[in-house]
Amino acid sequence: MKLPVCGEEQVIMEAIRNNTVVVICGETGSGKTTQVPQFLYEAGWSHPDSDNPGLIAITQPRRVAAVSMAKRVGYELNLPESVVSHQIRYDVTTSEKTRIKFMTDGVLLRELSQDLLLTKYSVIIIDEAHERNLNTDILIGVVSRVLKLRAELSREDRAKIKPLRVVIMSATLRVSDFTENSTLFTKPPPVISVNARQYPVSIHFNKRTPEDHVAEAFKKVSKIHDRLPEGGILIFLTGQNEIQHLCKLLREKYPSLPPKAALEERKRIRQAAELELKRDAAIPGEESDSDDSDSDLGFDEEELVSTKDGKWEYIYKCEYGKFTYTISYAAPLHVLPLYSSLPTEAQLRVFQPPPEGTRLCVIATNVAETSVTIPGIRYVVDCGKAKERRYDIKTGVQSFEVDWTSKASAGQRAGRAGRTGPGHCYRLYSSAVFDHDFEQFSTPEISRMPIEGVVLNMKSMGIDNVVNFPFPTPPERQTLSKAEKLLGYLGAIDTDVKHITPVGQAMANLPVTPRFAKMLVIGNQQDCLPFVIAIVAALSTEIAKARRRLMRKKYFESQIKHAGLDRSSDILKLLNVVGAYEYAGATAEFCEENFLRSKAMEEIRKLRWQLTNLMAALFENVDVWVDPKMLPPTKRQIKFLKQVITAGFIDSVAIRKDVIENGGQGGTRFKNARGVAYKLMWSEEEAFIHPGSILYSQEPPIALVYNELFKGATKTCFKGVTAIDTKWLPEIGKEFCSFGRPLDHPIPKYSEQTKDKKTVYVVPSFGPKGWPLPPIQVEMHRKGTRWVISA
DNA sequence: CTCTCCCT
């Protein structure tokens, strides 16, 4: 079958020739991703002698897509991967012969900070723009400026610089944020719509919206499986727990062993019934009336009446009439979970055909909405909800909340049933809920996330005035200023003019979030850089594996083991884990035994290599290598590492409530951290050390820094805690500190001879709320008539 | 004691 996009080749190519920006809309299955690069290639684009000699670039939001699309196009054009290449974070196949390059959008953003004009390229195709990912949005903004620059330079010297073309591809028609945004494109770009190769999907709404969508999904899947013709079922739920629960229910009801004999029996009974009915139908007046009392499935071929002791009673209907029979088995269902933290092997099982005589039934999260396409799906069951990460920009508190998805995303989910043939989508909510409670589109990522990384990246490209940046959807002013403030605390930008500093420039060269980049640039002391790199690599990757309930004790033991000598930091515990993993030979068995996700550990390993090479390349006098037999840090190094961590999280300090209320001194004695409240810098709420932290079972520290702050069902908890010494704060957190008057006790000491220097105790106050800290000793000197604290 | 999904 010819791809729908091929019918539009003329229109698309003409539009690209006549416009610098073109938008192409076409749902999954239209073939735009694989075909548009080929149209360009075949029309001579990227050919060294042509008018547009630069490469054809296609960006993807996901690594797998970049790699597999490059393979596909290379295969279709019969060209090697040195010509149709890909580049993702850890894998490049480009060569000097490369003509078409697939890459993740993050890769192109990084290239932009090296070469703002994108001189290598003649066309940039930005795919999946409808997903509104952070990187894609930023890319569209930057590229809109590059277009103008290239156009100007090309007018001056056409022989040297050619204009750039941009193609934005979207699966939905939500493109007005791009087309009608005059700060982005002064003249609205043309929009070309391509039909999709998609079969019709009938949508069935529930009459009423149930409280418990898992129970409702169970009922619906049972009905589909019992009554409807073959075809895979895909169920959308919100998270791992729900998925595992439904898996268990369905596996109990429909054991996956295929009782072949029973299946044949069912077929035999039905055939016999049909024959008999056919014979009866020949007698006039004996036709049965086909009432469709159960039309909610949209089928009435076979109806399940009741089940008793594992016996199933069916009413079988065909064009000749109706027939009732019982059979004593439950047809097997091949039930598979699918969510992203599942090991790769488990995820790959959904692509294999289910065992003979069983029906595939995949229970998935949002992964199956965009990134994973499961073959053979004919029925979709959609709970209509999705789990979303929320981020309170003012307080920095994160939470996970389950809410209705958008109409656009419900449409995507339904579409999954129409890839191989006509399908059905059962929505476990009423059409009234859909009409009234569903937003048209999901909120773009940029409106939901902290963006200090993006802002630093823009500053490094020379964009100082980020407020004027042509965002497809501008983030809130507060989000932007929060990002600039944090970059100020980290020393990455000048606090007055908000211009990038040399340190900031160095940080921008590192492919990690600014906090972690800060830790790297200050970490090259006392031979600590390899440790800092390992810590940053681990923090940048999701490390922990979901714990199994039965193994609670063992898990706890392994936590203690991982903590090693120092038990005052969850982050140093990560360092120990990385070290132990490498020492054990980086095996999957080690991960299994120690409650780690091997996928994450491999990612950490690759990231350590990347960061190590980068640090060595970026900084003179940095001499690091990846040592698989990395020894644990010494006591002195541990202290330094904690100070480095403090610097990275200097705006995430928390102090014990009882200590603050006691003027910064003394406080209550606690045996463990259970119920011990901490005060936060940016919120009036209190927070607690999570029971999963290594610090929970010890006397809680007076002060700590945390990686993340999470709002759970009952209270707000820290994630990734490091105990710190309040004495460090006046130095590491200068911008947050002020000092009160010298204390009378202990008595100030004056230097013997000159009397123009004295050592005194002062009470520092820290943070936006002026928390009193335990007194520290400082040296003061006389300046004119006043005493000032020496630097 | 429970974590949707991605990326330099």
Side-chain angles (χ1 to χ4, degrees), chain A residues 59-66 87-92 103-114 128 131-139 236-245 338-342 364-372 383 385-391 398-403 405 409 442-443 445-446 448-449 453-454 456-457 460 507-514 516-517 536-537 540-549 551-552 555-556 559 597 600 603 606-607 610-611 614 674 688-693 696-697 708 710-715 717 719:
Chain A
T59 70
Q60 291 290 327
R62 282 168 291 279
R63 292 179 193 160
V64 266
Q87 180 173 355
I88 60 172
R89 185 168 197 158
Y90 305 113
D91 190 16
V92 205
M103 59 184 128
T104 40
D105 39 27
V107 167
L108 190 61
L109 270 179
R110 207 123 275 278
E111 284 186 12
L112 269 162
S113 53
Q114 304 300 311
E128 314 283 9
E131 288 184 20
R132 304 303 309 273
N133 295 327
L134 188 59
N135 280 346
T136 313
D137 267 20
I138 301 302
L139 203 52
F236 283 100
L237 296 182
T238 69
Q240 194 176 317
N241 277 343
E242 287 181 4
I243 289 172
Q244 240 128 39
H245 181 56
L338 180 68
Y339 45 86
S340 99
S341 58
L342 217 55
T365 58
N366 270 342
V367 261
E369 194 178 306
T370 47
S371 18
V372 180
C383 77
K385 297 200 165 170
K387 191 175 278 181
E388 254 194 358
R389 188 192 209 128
R390 302 270 169 86
Y391 193 90
Q398 299 178 68
S399 59
F400 280 98
E401 264 150 74
V402 173
D403 204 352
T405 45
S409 134
S442 308
T443 318
E445 202 179 19
I446 197 166
R448 294 188 280 117
M449 298 249 296
V454 165
L456 182 60
N457 215 334
S460 83
M507 286 165 62
N509 284 322
L510 296 164
V512 290
T513 171
F516 302 160
V536 166
S540 306
T541 317
E542 293 277 312
I543 189 169
K545 178 180 180 169
R547 284 155 266 168
R548 279 166 250 170
R549 218 172 279 156
M551 299 178 108
R552 195 185 294 169
Y555 174 78
F556 189 70
Q559 290 287 93
R597 279 170 41 208
E603 180 89 18
K606 289 190 240 171
L607 189 49
Q610 192 194 25
L611 292 176
L614 257 172
R674 188 193 165 101
F688 300 85
I689 293 179
H690 192 277
S693 166
Y696 188 71
S697 54
E708 287 177 300
F710 235 89
K711 189 177 195 148
T714 49
K715 49 190 165 187
C717 283
K719 199 188 142 189

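A, B, ... follow the sequence lines: proteins, then strands. Residue 1 opens every chain.
Minimum atom distance to the side chain of Pro691(A) is reached by dC1(B), of the listed dC1(B), dC7(B), dT4(B). Of the candidates dC5(B), dC7(B), dT2(B), dC5(B) carries the atom nearest the Ser340(A) side chain, counting heavy atoms from C-beta on. The side chain of Pro511(A) sits closest to dT8(B) out of dT8(B), dC5(B), dT2(B).
Rounded to whole angstrom, the span from the CG atom of Asp403(A) across to the P atom of dC5(B) amounts to 17 Å. Regarding Arg448(A), its CZ atom lies at a distance of 9 Å from the C1' atom of dT4(B), rounded to whole Å. Rounded to whole Å, the distance from NZ on Lys387(A) to C1' on dT2(B) is 8 Å. Summarising the geometry, the separation between CD1 on Ile446(A) and P on dC7(B) is reported as 18 Å, rounded to the nearest angstrom. Between the CG atom of Leu237(A) and the P atom of dT2(B) there is a distance of 20 Å, given to the nearest Å. Protein atom CD of Gln240(A) is 18 Å distant from nucleotide atom P of dC1(B), rounded to whole Å. What separates CG of Leu456(A) from C1' of dT8(B) is a distance of 12 Å, to the nearest Å. In this structure, the CD atom of Glu708(A) is 10 Å from the C1' atom of dC3(B), given to the nearest Å.
At the heavy-atom level, Val512(A) lies under 4.0 Å from base atoms of the strands shown. Contact annotation for Leu134(A): no contact, since no heavy-atom pair falls under 4.0 Å across all strands. Using a 4.0 Å heavy-atom distance criterion, Lys715(A) is classed as making no nucleic acid contact. Counting any heavy atom pair closer than 4.0 Å across all strands shown, Tyr339(A) reaches sugar-phosphate atoms only and no base atom. Residue contacts shown for Arg62(A) are limited to sugar-phosphate atoms, with no base heavy atom under 4.0 Å away.
Side-chain contact of Glu242(A) with Tyr339(A): a donor-acceptor pair under 3.5 Å is absent, judged by distance alone. Remark: the Ser409(A) side chain and the Glu369(A) side chain contain an N/O donor-acceptor pair separated by less than 3.5 Å.
Arg674(A) CZ: 12 or fewer foreign heavy atoms inside a 6.0 Å radius.
Listed by chain and residue number, Asp105(A), Leu109(A) satisfy the side chain to side chain contact (heavy atoms under 4.5 Å, CB included) test with Asn135(A) (two or more places apart in sequence, or in another chain). Partners of Thr405(A) according to the side-chain hydrogen bond (donor to acceptor under 3.5 Å, both in side chains) rule, which considers only residues two or more places apart in sequence or in another chain, do not exist here.
Distances shown here put every side-chain N or O of Thr370(A) at or beyond 4.0 Å from the OP1 or OP2 atom of dC5(B). One finds no side-chain N or O of Ser371(A) lying less than 4.0 angstrom from the OP1 or OP2 phosphate oxygen of dC5(B). When the side-chain nitrogen and oxygen atoms of Thr238(A) are compared with OP1 and OP2 of dT4(B), none of them lie within a distance under 4.0 Å. Between Arg110(A) and dC7(B), a side-chain N or O to OP1/OP2 separation shorter than 4.0 Å is absent. Distances shorter than 4.0 Å separate some side-chain N or O of Thr104(A) from OP1 or OP2 on dT8(B).
Comparing Asn366(A) and Tyr90(A) by the nucleotide of DNA chain B that holds the closest heavy atom to each, the one mapping nearer the 5' end is Asn366(A).
Scanning both residues, Asn509(A) and Arg110(A), for their nearest heavy atoms gives O-NH1, 3.5 Å.
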